[in-house]
Amino acid sequence: MRTPPFDALLTTWRADPATLVVLVAATISYALGIRRAARHGVVWPRRRTVLFFALGLGSYAVVELGFLGA
């Protein structure tokens, strides 16, 4: 088995409905949790939110929708 060319890694994507549902559900749940925490006076750091979306959901999306999942 050969290693795919680098451009294939960047351009091979597939829309998977199950993965998209998971991503949307996680986004909504996280946003609702932050809103609920704010109503109770908890200050939620923006850094945590950015890291959750960028590293958490972002990496999940790349793996599941990108060349590995395709």
**Message:** Which residues pass the side chain to side chain donor-acceptor pair (under 3.5 Å) test with Tyr30, not counting sequence neighbours?
**Reply:** Trp44
**Item:** Any residue meeting side chain to side chain donor-acceptor pair (under 3.5 Å) with Thr19, in chain and number order, not counting sequence neighbours
**Value:** Asp16
**Message:** Can you list, by chain and residue number, the hydrophobic cluster partners of Leu32 when the side-chain cut-off is 4.5 Å?
**Reply:** Val24, Ile28
**Item:** Other cluster members, Leu55 - Ile/Leu/Val/Met/Phe/Trp/Tyr, side-chain contacts below 4.5 Å
**Value:** Leu51
**Asked** Which residues satisfy the side-chain contact (heavy atoms from CB on, under 4.5 Å) test with Arg46, sequence neighbours excluded?
**Response** none
**Message:** Could you measure the distance from the CD atom of Glu64 to the CG atom of Leu20? Nearest 0.5 Å is fine.
**Reply:** 10.5 Å
**Interatomic spacing from CG in Leu23 to CZ in Phe53 - rounded to 0.5 Å** = 10.0 Å
